[in-house]
Amino acid sequence: MADSNAGGNNSSGAANNAEVQISIPAPSKAEAAAAPETPAGKPFRWWAMVAVDVFFLIAGQTSATLLGRYYYTQGGRSKWISAFVRTAGFPILFFTLFFFPSKSPSSCTNTPMAKLAVIYIVLGLIIAADDMMYTGGLKYLPASTYSLICASQLAFNVVFSYVLNSQKVTPLIFNSVVLLTMSASLIGVSKESQGVTGVSGGKYLLGFVLTLGASCTYSLILALMQLTFETIIKKHTFSAVLNMQIYTALVATAASVVGLFASGEWRSLRGEMNAFRSGQFSYLMTLLWAAVSWQVANIGVLGLIFEVSALFSNVISTVSLPVIPFFAVVVFHDRMNGVKIVAMLIAIWGFISYLFQHYLDGKKAKKASSGDSAQG
């Protein structure tokens, strides 16, 4: 019996030692939160998801911007409708949510519904305010100045990502931010950019402040969404991304509807539709597909925040600024000059620089993981 007990104690001690050895290489809380930052473990799936999100963001933002331009060139004037369209397409995401349900329903109880409701309401109201600031800025500023100020959102995003998300600013990332900002700025100062005539100095200043505030707010929204995913939701599922988009868009859309009726702009919508140069049906289709395009872009934004980071999502968003003129050449027969070509090449350079940084991060993480396995 004594020998048996001793053997049992030795076995127990060995098991305890084994448990200690296993627990040593376990990832810390900070490392676990940063896990989506690298493709370690599932490189093909990670890169595939990032590629899909990049396509969604660039395609959605490009088409939505072109449709928005078409709306104004054909006689559209409503600021609240422009803000409304940015989020009103969220109901189509319920169909996507049906095909991609959460695989772990029990995990939904980890986060109290009341806390999630507060988060969605706050973020939704911030998004609505941001949409209105962008719309107001575009109304009072020349397109060149508007694009130039919008490029500043990357600089704001670097600050917010560093403070809220502990984003490492490596030389390659810094190089990417500088290049993409330069690329967007080149488009902004292009001589072919059209200005806004008949705008007073006070309204011009208001447009500048609104656009700068919108760029800062947009960067803050991305950082807050990443922080929410990492510290509150903590679910690595596509349904979590869809829920974030659906409910924040619901709040933002409701706020836009309230603003539309409170401002009295709703009274002029019938006349605006009748005066639309390409017809009433074209008016409705323009708004409908613009709403769909914004939702596609927003899915790409949230997917990149979830899989990579808020800063990377903003990088891809900025990449589309010099890409849009290329499609404008095809759709609106704009001229493709040397400045636009150089801007696109610089944007591609900056984008590759950022991707290479993530490739190095993944390679480093994979090497560290192999080292831990060898020690085990």
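Just so you know, these numbers use all the heavy atoms, side chains as well, and skip hydrogens, waters and symmetry mates. All residue numbers in this chain count up from 1 along the given sequence. Being a predicted model, the structure only gives us computed values, none of them experimental.
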Next item on the list: Measure the CH2-CG distance between Trp294 and Asp131 for me, rounded to the nearest 0.5 Å.
Entry: 8.0 Å

Note to self: For a quick test of reading the model, state the closest non-hydrogen atom pair linking Phe229 to Ala240 and the distance between them.
What the structure shows: CE2-O, 3.9 Å

Note to self: Taking Val258 as the starting point, is it possible to reach Val85 by hopping between hydrophobic residues whose side chains are less than 4.5 Å apart?
What the structure shows: no

Notebook entry, point to check: Do you know which two heavy atoms are closest between Ala290 and Ala64, and how far apart they sit?
Noted result: O-CB, 4.2 Å

Check: Between the side chain of Thr62 and the main-chain N/O of Ala59, is any donor-acceptor distance below 3.5 Å?
Finding: no

Item checked: Pair Ser78-Leu260, side chain to side chain contact (heavy atoms under 4.5 Å, CB included): steps then yes or no -> CA-CA 9 Å; Ser78 175; Leu260 178 66; 4.2 Å; yes

Checklist line | hydrophobic_cluster_shared for Phe94 and Tyr120, side chain cutoff 4.5 Å | finding: yes

Check: With a 3.5 Å cut-off and no angle check, do the side chains of Ser278 and Tyr70 form a donor-acceptor pair?
Finding: yes

Next item on the list: List the atom of Arg77, the atom of Tyr71, and the distance in Å for their closest heavy-atom pair.
Entry: N-OH, 3.4 Å

Check: Within the side chain of Thr211, is there an N or O that forms a donor-acceptor pair under 3.5 Å with the backbone of Phe208?
Finding: no

Notebook entry, point to check: Out of curiosity, Asp130 CG to Leu220 CG, how far, rounded to the nearest 0.5 Å?
Noted result: 9.5 Å

Check: Would Leu116 and Leu125 show up in the same hydrophobic cluster when neighbours are defined by side-chain heavy atoms closer than 4.5 Å?
Finding: no

Notebook entry, point to check: Does Met244 reach the side chain of Leu123, with side-chain heavy atoms less than 4.5 Å apart?
Noted result: yes

Next item on the list: State which residue, out of Thr248, Thr253, Asn298, fulfils the side-chain hydrogen bond (donor to acceptor under 3.5 Å, both in side chains) condition with Thr87.
Entry: Thr253

Note to self: Quick one about Glu272 and Tyr283 (side-chain donor to acceptor, distance below 3.5 Å, no hydrogens or angles considered), yes or no?
What the structure shows: yes

Notebook entry, point to check: Side chains of Ser317 and Tyr218: closer than 4.5 Å at any heavy-atom pair?
Noted result: yes

Next item on the list: Would you indicate whether the side-chain heavy atoms of Leu284 and Met273 approach each other to under 4.5 Å?
Entry: yes

Checklist line | Leu67 CG to Met285 CE distance, which is reported to the nearest 0.5 Å | finding: 11.5 Å

Note to self: Does any part of the side chain of Ile119, heavy atoms only, come nearer than 4.5 Å to the side chain of Ile233, both counted from C-beta?
What the structure shows: no

Margin query: Rounded to the nearest 0.5 Å, what separates atom CD in Gln245 from atom CG in Leu93?
Written below: 6.0 Å

Item checked: Ser282-Gln74 side chain donor-acceptor pair, cut-off 3.5 Å -> no

Check: Any side-chain heavy atom of Tyr134 within less than 4.5 Å of one from Leu210?
Finding: no

Next item on the list: Indicate yes or no: at least one non-hydrogen side-chain atom of Leu57 is less than 4.5 angstrom from one of Asp53.
Entry: no

Item checked: Reported NZ-to-CD distance for the pair Lys79 and Glu265, which is rounded to 0.5 angstrom -> 6.5 Å

Margin query: With clusters defined by side-chain heavy atoms of hydrophobic residues (ILVMFWY) lying less than 4.5 Å apart, directly or transitively, does Ile232 cluster with Val251?
Written below: no

Next item on the list: Test side chain to side chain contact (heavy atoms under 4.5 Å, CB included) on Leu304 and Phe56 and set out the steps.
Entry: CA-CA 10 Å; Leu304 290 176; Phe56 280 177; over 6 Å; no

Check: Shortest non-hydrogen contact from Gln295 to Ala88?
Finding: NE2-N, 4.5 Å

Notebook entry, point to check: Looking only at heavy atoms, what is the nearest atom pair of Val301 and Ser313, with distance?
Noted result: O-OG, 3.2 Å

Margin query: Test of understanding: clusters of I, L, V, M, F, W, Y form through side-chain heavy atoms closer than 4.5 Å, transitively. Do Val50 and Leu302 belong to the same one?
Written below: yes

Margin query: Is the shortest side-chain heavy-atom distance between Met225 and Ile127 below 4.5 Å?
Written below: yes

Notebook entry, point to check: In Å, rounded to the nearest 0.5 Å, how long is the span from CG of Leu288 to CZ of Phe281?
Noted result: 9.0 Å

Margin query: Testing the basics here: between Phe90 and Ala249, what is the closest heavy-atom pair and its distance to 0.1 Å?
Written below: CB-CB, 3.6 Å

